[in-house]
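What you see is a predicted model, and the numbers here were worked out from it, not measured in a lab. So that the names make sense, note that chain A is the first sequence line, chain B the second, and so on, each numbered from 1.
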Amino acid sequence: MVVHRIIPSRISRLKDPLTRFKPLKTLTTSSSPAPESEPSSSSSSSSSSSDSDSFLVEKICFSLKQGNSNVRNHLIRLNPLAVVEVLYRFRNDLSLGQRFVDQLGFNFPNFKHTSLSLSAMIHILVRSGRLSDAQSCVLRMIRRSGVSRVEIVNSLVSTYSNCGSNDSVFDLLIRTFVQARKLREAYEAFTLLRSKGYTVSIDACNALIGSLVRIGWVELAWGVYQEISRSGVGFMEEAFELMNAMPSKGFSPGVYTYNTVINGLCKHGKYERAKEVFVEMLRSGLSPDSTTYRSLLMEACKKGDAVETENIFSDMRSRDIVPDLVCFSSMMSLFTRSGNLDKALMYFNSVKEAGLIPDNVIYTILIQGYCRKGHLSEAFRVWDEMISKSIKPTVMICNSMIKGYCRSGNASDGESFLEKMILEGFVPDCISYNTLIYGFVKEENMSKAFGLVKKMEEKKQGGLVPDVFTYNSILHGFCRQNQMKEAEVVLRKMIERGVNPDRSTYTSLINGFVSQDNLTEAFRFHDEMLQRGFSPDDKF
DNA sequence: ATAGGGTTAG
């Protein structure tokens, strides 16, 4: 059985840099270092490499090479420039470089580093593969007050070759900025590095682009993207290399980057730009995947552009990319919104042809489409099919059916439907009742409407609280029947109950008074509406 | 340690 002893080099490999850089009480000698005995940059600051400094550097290097693990006595007189000097000496011996860094951090956690000394340590740690330790140095560097991005980048760059470093140091810098949510800084550092001819890996760029896109700084993300694509061959080579290196992951970094940018541009309504990037993607020889197409397709749907949507869709099919349920539901929603139910039904059938199983959202959209037009029998056909596939009707679907009854002028059948569903265990919500209430109001059946308001408040029906939609429906009903006194009572009641009137409330009131030729009252409510911060309806 | 979601009321 082997007993492992804890030796200094083991301590130095402890994962958490903070514990390592903190002096351990049990290990520090009784003569703990007084603050004034700690090395400081001010003590011998002026000369960059005085004779005493270079002598000190020699002594430290010698001691470390001899395997003398405790060079604490020498380190006491150390200044940041000497740190840099020592690390330059060890550029070809990473284990000694690490030992020095660890000794320094272990004995003097409060050493007053400069950007240069931290940079040198970062290079050594990155080369040694100790990324989390390197990252804590980066954090230390970027958190030092009054340090500009230019200084940070310059420090890393000026110590770069003497430390025998490589560009993955810059990846770490960018990633650290990104993780610290300092995206402006990350972007500036990226730009600076690129202007100096250094590269940042595709991965780090993607992390930056993704974060920029997420907070809406699509312009900056676009800038990073352009810089990547402008740098051309090198980057693309790297992309393809990576792609070949990890086929098991199943995605290509090039496609990934484009998808991030395209999706971000779509999300922020910059569809035309997204299309430009898409074209650029095709030109660079990459194949768009379902994510690429979904971003474009969904944005085209949201815009209500049916022609564009169908172009994207057929383009996608021509590449044998199978659209998923989200693509289909987006398209069906587009066509039901514009009243083109034939098209919606066509895509509903395509769902099955594509080998997908329609879910409740797909059924909702189709049922809703029919119900909005009052085509109850079609809606029921779809409903029956849904039930036969053992998909349970959701509140939303039931509400759509209620809407369908009301649209076809049959609010009381809608109420029967609701009651039947309640018996089957369905739990209605405010929208269920509000839809029905508005249906009765349109049929000028105010007593039924009132009855439902009472009903929705009953505990056994769910104990729902009437909201602004409920009150607006009732108030609207009174206004249409020229019962303006009653309408005002409703207004007062809703305010009293803490439900704020909205633009629709005032529109009903104003319209009611106008149709009675009572312009004084109409203007009074018009002013009140403006006072409450609602802009007037287009009608005025 | 990297992108990504669809459906309801006046």
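- For Ile362(A), taking side-chain heavy atoms from C-beta onward, the closest of the listed nucleotides dA1(B), dG4(B), dG6(B) is dG6(B).
- Side chain to side chain, Thr470(A) and Asp467(A) meet the donor-acceptor criterion of an N or O pair below 3.5 Å.
- Comparing atom distances between the Arg214(A) side chain and each of dA3(B), dG10(B), dT7(B) picks out dA3(B) as nearest.
- Lys302(A) comes within 4.0 angstrom of no nucleic acid atom, judged by non-hydrogen atoms across all strands.
- A stacking contact links Phe469(A) to dA9(B): the aromatic ring centre lies within less than 5.5 Å of the base's six-membered ring centre, and the planes differ by less than 30°.
- Nearest nucleotide to the Asp467(A) side chain, out of dG10(B), dT2(B), dA9(B): dA9(B).
- Rounded to a whole Å, the CG atom of Asp324(A) is 14 Å from the P atom of dG4(B).
- Judged purely by distance below 3.5 Å, without hydrogens or angles, the side chains of Asn166(A) and Ser168(A) pair a donor atom with an acceptor atom.
- Atom C1' of nucleotide dA3(B) and atom CE of Met281(A) are separated by 11 Å, given to the nearest angstrom.
- Here salt bridge (charged side-chain N to carboxylate O under 4.0 Å, His left out) pairs that include residues 265-276 of chain A, with residues two or more places apart or in two chains, are Glu219(A)-Lys270(A), Glu219(A)-Arg273(A), Lys275(A)-Glu308(A).
- Sorted by first then second residue, the salt bridge (charged side-chain N to carboxylate O under 4.0 Å, His left out) pairs that include residues 312-326 of chain A, not counting sequence neighbours, are Arg294(A)-Asp324(A).
- A donor and an acceptor atom never sit less than 3.5 Å apart when one is taken from the side chain of Ser330(A) and the other from the base of dG6(B).
- Of the residues in residues 218-226 of chain A, not one places a heavy atom less than 4.0 Å from an atom of DNA chain B.
- Evaluation of the salt bridge (charged side-chain N to carboxylate O under 4.0 Å, His left out) test over residues 417-435 of chain A, restricted to residues two or more places apart or in two chains, returns Glu419(A)-Lys455(A).
- For residues 373-400 of chain A, proximity to DNA chain B is found at Met396(A), Asn399(A), defined as any non-hydrogen atom under 4.0 angstrom from a strand atom.
- Remark: Gln368(A) is not in phosphate contact with dT7(B), judged by side-chain N or O atoms under 4.0 Å from OP1 or OP2.
- Among the heavy atoms of the strands lying under 4.0 Å from Thr260(A) are primed sugar atoms or P, OP1, OP2 only; no base atom is included.
- With rounding to the nearest 0.5 angstrom, the CG atom of Leu345(A) is 11.5 Å from the OG1 atom of Thr336(A).
- Side-chain atoms of Thr291(A) lie closest to dA3(B) of the nucleotides dG10(B), dA3(B), dA9(B).
- In this structure, Phe417(A) has its ring center under 6.0 Å from that of Trp383(A).
- When the shell of 6.0 Å around NZ of Lys303(A) is examined, it contains more than 12 heavy atoms from other residues, nucleotides or ligands.
- Pairs engaging residues 376-390 of chain A under the salt bridge (charged side-chain N to carboxylate O under 4.0 Å, His left out) rule: Lys352(A)-Glu385(A) [sequence neighbours left out].
- Using a 3.5 Å distance cut-off with no hydrogens or angles, the side chains of Ser447(A) and Asn445(A) do pair a donor with an acceptor.
- Residue Lys442(A) has no polar side-chain atom (N or O) positioned under 4.0 Å from OP1 or OP2 of dA9(B).
- Residue Asn472(A) has its side chain nearest to dG10(B) when only dG10(B), dG6(B), dG4(B) are considered.
- Ranking dA3(B), dG4(B), dA9(B) by closeness to the Ser290(A) side chain, first place goes to dG4(B).
- Residue Arg407(A) has its side chain nearest to dG10(B) when only dG10(B), dA1(B), dG4(B) are considered.
- Nucleotide dG10(B) holds its C1' atom 13 Å from the CG atom of Asn511(A), rounded to whole Å.
- Side-chain atoms of Asn259(A) stay outside donor-acceptor range of the base of dG4(B), with no qualifying N/O pair under 3.5 Å.
- Ring geometry for Tyr225(A) against Tyr258(A) counts as perpendicular: the plane angle is over 60°, on a 0 to 90° scale with 30° as the lower cut.
- Distance, Phe278(A) CZ to dA3(B) P: 21 Å, rounded to whole Å.
- Residue Phe348(A) contributes atom CZ, which lies 20 Å from atom P of dG6(B) at whole-angstrom precision.
- Of the candidate nucleotides dA3(B), dT8(B), dG6(B), dA3(B) has the atom nearest to the side chain of Asp289(A).
- For Arg294(A), the side-chain atoms get nearest to dG4(B) when compared with the rest of dG4(B), dA1(B), dA9(B).
- Remark: the Asp502(A) side chain and the dG10(B) base include a donor-acceptor N/O pair separated by less than 3.5 Å.
- Nearest to the side-chain atoms of Asp203(A) among the listed nucleotides dA9(B), dT7(B), dT2(B) stands dT2(B).
- Distance CG (Leu452(A)) to C1' (dA9(B)): 14 Å, rounded to an integer number of Å.
- The distance between atom CZ of Phe177(A) and atom P of dT2(B), rounded to the nearest whole Å, is 21 Å.
- Rounded to an integer number of Å, the gap from Phe335(A) CZ to dG6(B) P is 18 Å.
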